[in-house]
Structure formats: C-alpha cells, structure tokens
J.: 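For reference, the structure I am asking about is given below.
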Amino acid sequence: MSDEHTTPQGSRPSHRTAAIIPAAGRGVRLGPGAPKALRALGGLPMLVHAVRAMARARAVALVVVVAPPDGVSEVRRMLDEHPLPDGGTEVLVVPGGETRQQSVRHGLDALPVGVDAVLVHDAARPLVPVDTVEAVISALRDGAPAVVPAVPLADTVKEVEPAVGRAWEQVLGTPDRSRLRAVQTPQGFDRAVLAEAHERVACEGEGATDDAGMVERLGRPVVLVPGHEEAFKVTRPLDLVLAEAVLARRRAHDGY
Ligand code: C5P
C-alpha cells in the first residue's frame with residue numbers, strides 16, 4: 001500500500017478502500033433458524049466475524065453491510081452490540097435486494113465519493129485471514145482492475161446435463177483439474193470497473209453469484225491471488241462444525 005493512502009499520523013486512511021458485505025441471504029442450505037449471517041460462531045454472529053475480518057486490513061476504512069430488507073435495524077443493533085475492537089473503521093448498514101447481485105448494487109450505491117477501491121466479501125466467509133485480504137488490496141494497488149483469491153480444487157469436477165424429471169444426470173465432460181480454481185472472497189475491484197459491470201451486465205435468474213464474473217463479461221482482465229483454506233464458505237451444517245474448529249485452533253494457538 002502506498003503512503004498516499006495513509007495519514008501522516010499513521011491513523012486509518014480516509015475512505016479510499018471500502019468493503020461491501022452482502023449479508024441479505026437467508027442461508028436456507030444451513031437448515032432452519034436465523035438468517036445465516038446472524039448465526040453464532042464461537043459465540044459471535046457470523047457477520048461480526050466477517051466485518052472484523054475486513055476491518056483488520058489497515059486500508060479498509062469503511063465497511064458497508066447489506067442486510068435483509070426487513071432486518072436493517074436488527075443488524076444495526078447487533079453490530080452496535082459488538083463494536084470493532086479498534087473503533088477506526090466506520091460500519092454502514094443498508095437494505096439488500098432480491099438477489100446477491102442486487103444486494104451488492106445497493107452496497108455500491110451507498111459508497112461515499114472518494115472511495116476508489118472496493119472489496120466485496122461474503123458474510124458467509126467469516127474466517128478469511130487478514131493476509132488474504134491484504135493480498136487482494138495489494139494487487140489492486142498495483143493496478144489490477146479486478147482481483148480474486150482462489151485455491152486449487154481437491155475434487156475432480158464433471159460438467160453435467162442437469163436431470164430434470166430423470167433419475168440420473170448425464171456427464172458431458174471432465175475439465176482438466178489443473179486449470180480450474182475455486183474462487184473465494186473478498187474479491188477486489190477498481191470502483192469504476194465494478195460500477196460499470198453492475199450497470200452494463202444484466203444477469204438472468206438468480207443474478208451473478210460472483211462479481212468478478214461480471215467484470216469478465218465486460219472483457220476486463222481479472223487476476224488471481226492465492227486464497228486460503230480458512231476462507232471457506234459456510235454453506236452447510238458441517239461447515240459450521242469446521243468453522244468452530246478453526247476458531248478453537250486460533251484461540252489455542254494465537255490467543256485470538
Ligand atoms: O446464497 P449464497 O451463499 O451464494 O450467498 C452469498 C452471499 O450473498 C451471502 O453472504 C448472502 O447473505 C448474500 N446475499 C445477499 N442478498 C441476496 C442473496 C444473497 O446479500 N438476496
């Protein structure tokens with residue numbers, strides 16, 4: 001990060017880099033209960049972990065949380081109950097939309113003038129290490145318009161014809177695993193590039209599941225930096241067990 005993004009006193013930089021956390025999904029795959037972002041992990045709501053993970057990066061001076069439209073005041077209250085350990089990062093809460101893509105758009109609309117780099121981070125990846133966040137910011141500052149943390153795949157992947165009304169799915173092909181990566185968040189963007197993608201790229205159905213994919217459709221380059229196994233997405237009940245284990249290990253080893 002260059003000096004122009006820090007103040008002479010070494011305090012938090014002004015709002016040049018902001019993080020948007022879409023947290024408006026219901027998380028139905030986790031099973032019944034509270035919206036996913038509000039589920040407890042190590043005694044704290046998952047969303048609080050995600051906000052802290054972003055705020056831990058020194059360049060991030062603003063975090064915009066996108067809450068379920070009917071849950072803005074609940075999320076605001078919950079975040080106020082768990083303030084950031086170092087109060088230097090501002091946290092805004094705005095209402096989300098029907099799809100993740102719309103929720104990110106609402107977050108983008110809430111960014112103040114002066115923000116030139118944006119991270120988009122899923123609330124569902126509460127344990128991303130700060131080094132991964134910093135690696136994304138650093139590649140952005142080095143001039144990449146879009147940056148994605150990614151990891152190689154453990155499993156072989158099959159492309160299939162989805163079975164509609166049939167017992168079996170038919171395999172169409174097996175992509176070369178060495179050329180595939182699983183992508184994580186935070187994904188980092190030059191603000192203007194991400195705004196252009198949200199303006200110009202229309203996505204059908206559920207909308208985009210990944211902001212970088214929209215930037216690719218603009219024909220702009222997207223680069224990868226190494227992701228981290230602890231940046232996994234909490235999607236199914238077993239992921240909660242793994243997340244608790246990661247937190248317990250951090251507490252034992254780092255007093256985290
Ligand atoms: O459903 P999925 O796990 O892919 O959602 C990824 C992220 O997008 C989650 O953090 C979820 O809360 C968020 N999301 C959202 N608005 C929606 C749907 C999902 O902010 N309408």
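Counting starts at 1 for both ligands and their atoms, in listed order. The first residue in the sequence is number 1, and the count goes up from there. The figures here come from the full heavy-atom set of this structure, side chains too, leaving out hydrogens, waters and symmetry mates. Keep in mind it's a predicted model, so treat the numbers as computed, not measured.
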J.: What atoms of ligand 1 come within less than 4.0 Å of a heavy atom belonging to Thr99?
T.: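 Every atom of ligand 1 under 4.0 Å from some heavy atom of Thr99: 16 (N), 17 (C), 21 (N).
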J.: In terms of atom number and element, which parts of ligand 1 are under 4.0 angstrom from non-hydrogen atoms of Ser103?
T.: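 Counting from 1, the qualifying ligand atoms are 15 (C), 16 (N), 17 (C), 20 (O), 21 (N).
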J.: Any non-hydrogen atom of Ala37 lying under 4.0 Å from ligand 1?
T.: no
J.: Mind checking whether Val130 and Val128 sit in one hydrophobic cluster, side chains of I, L, V, M, F, W, Y counted as touching below 4.5 Å?
T.: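 No: no chain of side-chain contacts under 4.5 Å links Val130 to Val128.
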J.: From the options Glu216, Gln101, Arg100, select the one residue that forms a side chain to side chain contact (heavy atoms under 4.5 Å, CB included) with Asp211.
T.: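 Single pass found, and it is Arg100.
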J.: Would you say Lys233 contacts ligand 1, with heavy atoms under 4.0 Å as the rule?
T.: yes
J.: Looking at ligand 1, would Ala23 count as a contact under a 4.0 Å heavy-atom criterion?
T.: yes
J.: Check the hydrophobic clustering (I, L, V, M, F, W, Y; side-chain heavy atoms under 4.5 Å; chains of links allowed) and say if Val183 and Val104 are grouped together.
T.: yes
J.: Given Met46 and Leu240, is the side chain to side chain contact (heavy atoms under 4.5 Å, CB included) satisfied, shown in steps?
T.: CA-CA 10 Å; Met46 207 178 318; Leu240 281 173; 4.3 Å; yes
J.: Heavy atom of Lys36 under 4.0 Å from ligand 1?
T.: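 It does, in that a heavy atom of Lys36 comes within the 4.0 Å cut-off of ligand 1.
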J.: Quick one: which ligand 1 atoms are inside 4.0 Å of a heavy atom on Glu98?
T.: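 Those qualifying, in numeric order: 21 (N).
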J.: Run the numbers for me: atoms of ligand 1, each under 4.0 Å from some heavy atom of Ala124, listed by number.
T.: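 Close to Ala124: 10 (O).
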J.: Please check whether Gly97 reaches ligand 1 - meaning an N/O of the residue sits under 3.5 Å from an N/O of the ligand, judged on distance alone.
T.: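 Right, the criterion is met.
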J.: Please state whether Val66 comes within less than 4.0 angstrom of ligand 1, counting heavy atoms only.
T.: no
J.: Taking non-hydrogen atoms only, is Pro22 closer than 4.0 angstrom to ligand 1 via side chain, backbone, both or neither?
T.: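 It is both backbone and side chain that touch ligand 1.
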J.: Is the shortest side-chain heavy-atom distance between Leu62 and Pro112 below 4.5 Å?
T.: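 Yes, side chains in contact.
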